[in-house]
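This report concerns only the one structure given below.
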Amino acid sequence: MRIELHRNFEKAFAKLNPKQRQRVKETLDLFRRNPYDPQLKNHSLHGCLKGERSISAGGDLRLIFEEEDDYRKVVFVRVGTHNQIYE
C-alpha cells in the first residue's frame with residue numbers, strides 16, 4: 001500500500017495539538033498494518049463527501065482519505081474533529 005498525505009492534510013495536521021498529532025501517527029501505523037482493523041471504524045462517506053472514506057483516531061478525531069485500486073494507493077486528504085470535517 002502506498003500512502004500519500006495531501007497538502008491540506010499536512011496543514012491541518014500541523015494545527016493539531018501534540019496529543020492529537022500522536023494519535024494520528026498511531027492511527028496511520030495501525031492503518032498501514034490493517035486498514036480494516038475494527039478500531040479504525042473505516043467507513044465510506046455520503047453526500048458531498050461521497051467517494052471518500054473516514055477512519056477514527058479515537059474520540060472525535062477523524063482522518064478522511066481516498067483509496068484507489070483496492071487500497072494500493074491511499075491519499076489522506078483531511079484530518080480534524082468531527083465538526084471540523086463535516087461542517
Side-chain angles (χ1 to χ4, degrees):
M1 171 186 335
R2 189 173 90 215
I3 294 179
E4 297 178 8
L5 304 178
H6 190 277
R7 190 175 76 132
N8 292 341
F9 182 94
E10 291 175 339
K11 288 168 75 174
F13 178 80
K15 294 178 183 177
L16 298 175
N17 68 48
K19 185 176 179 181
Q20 289 173 319
R21 284 195 299 267
Q22 183 60 37
R23 284 184 16 214
V24 168
K25 289 176 185 178
E26 291 168 359
T27 299
L28 288 172
D29 287 341
L30 179 58
F31 183 85
R32 279 185 188 94
R33 290 190 304 273
N34 179 7
Y36 298 107
D37 188 294
Q39 286 178 273
L40 298 173
K41 301 177 185 171
N42 186 343
H43 64 280
S44 60
L45 299 175
H46 307 283
C48 64
L49 297 177
K50 187 176 182 177
E52 296 180 339
R53 300 187 66 83
S54 174
I55 58 174
S56 174
D60 199 29
L61 198 56
R62 303 288 183 270
L63 286 73
I64 307 300
F65 67 96
E66 299 170 353
E67 65 91 11
E68 298 176 13
D69 199 22
D70 197 31
Y71 286 86
R72 291 183 199 264
K73 178 181 175 184
V74 175
V75 180
F76 282 90
V77 293
R78 288 187 271 300
V79 60
T81 64
H82 189 275
N83 287 340
Q84 291 169 332
I85 297 292
Y86 303 112
E87 61 184 13

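Sequence positions, counted from 1, serve as the residue numbers for this chain. Note that the structure is predicted; figures quoted are calculated from it, not measured.
Both I55 and L5 belong to a common hydrophobic cluster when Ile, Leu, Val, Met, Phe, Trp and Tyr are linked at side-chain heavy-atom distances under 4.5 angstrom. Cluster annotation: V24 and I3 are assigned to the same hydrophobic cluster (Ile/Leu/Val/Met/Phe/Trp/Tyr, side-chain heavy-atom contacts under 4.5 Å, transitive). Note: the hydrophobic cluster containing I85 also contains V75 (ILVMFWY, side chain heavy atoms under 4.5 Å, direct or indirect links). Grouping the Ile, Leu, Val, Met, Phe, Trp and Tyr side chains by contacts below 4.5 angstrom, directly or via other members, places L28 with M1. Residues Y36 and F76 fall within the same hydrophobic cluster, defined by Ile, Leu, Val, Met, Phe, Trp and Tyr side chains chained together at heavy-atom separations under 4.5 Å.
Expressed to the nearest 0.5 Å, how far CG of D37 lies from CZ of R32 amounts to 14.5 Å. Rounding to the nearest 0.5 Å gives a distance of 4.0 Å between CZ of F65 and OH of Y71.
Judged as a salt bridge (Lys or Arg N to Asp or Glu O under 4.0 Å), and not counting sequence neighbours, the contacts of R72 are D69. For E52, the salt bridge (Lys or Arg N to Asp or Glu O under 4.0 Å) test picks out R78, with sequence neighbours left out.
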Return all side-chain donor-acceptor pairs below 3.5 angstrom for residues 8-18, not counting sequence neighbours, or 'none' if the list is empty.
from : atom 1 : to  : atom 2 : distance (Å)
N17  : OD1    : K19 : N      : 3.0
N17  : OD1    : Q20 : N      : 2.8
N17  : ND2    : Q20 : OE1    : 3.3

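The minimum heavy-atom distance between L61 and T81, with the atom names listed, is CD1-N, 4.2 Å. The two residues N42 and P35 make their nearest non-hydrogen contact at ND2-O, 2.9 Å. Residue K41 comes nearest to H43 through the heavy atom pair O-ND1, 2.8 Å, listed as atom of the first residue, atom of the second, then distance. Summarising the geometry of L49 relative to L45, their closest heavy-atom pair is O-CB, 3.6 Å, with the distance given to 0.1 Å.
In terms of modelled atom types and a separation under 3.5 Å, the side chain of R23 and the main chain of G58 share a donor-acceptor contact.
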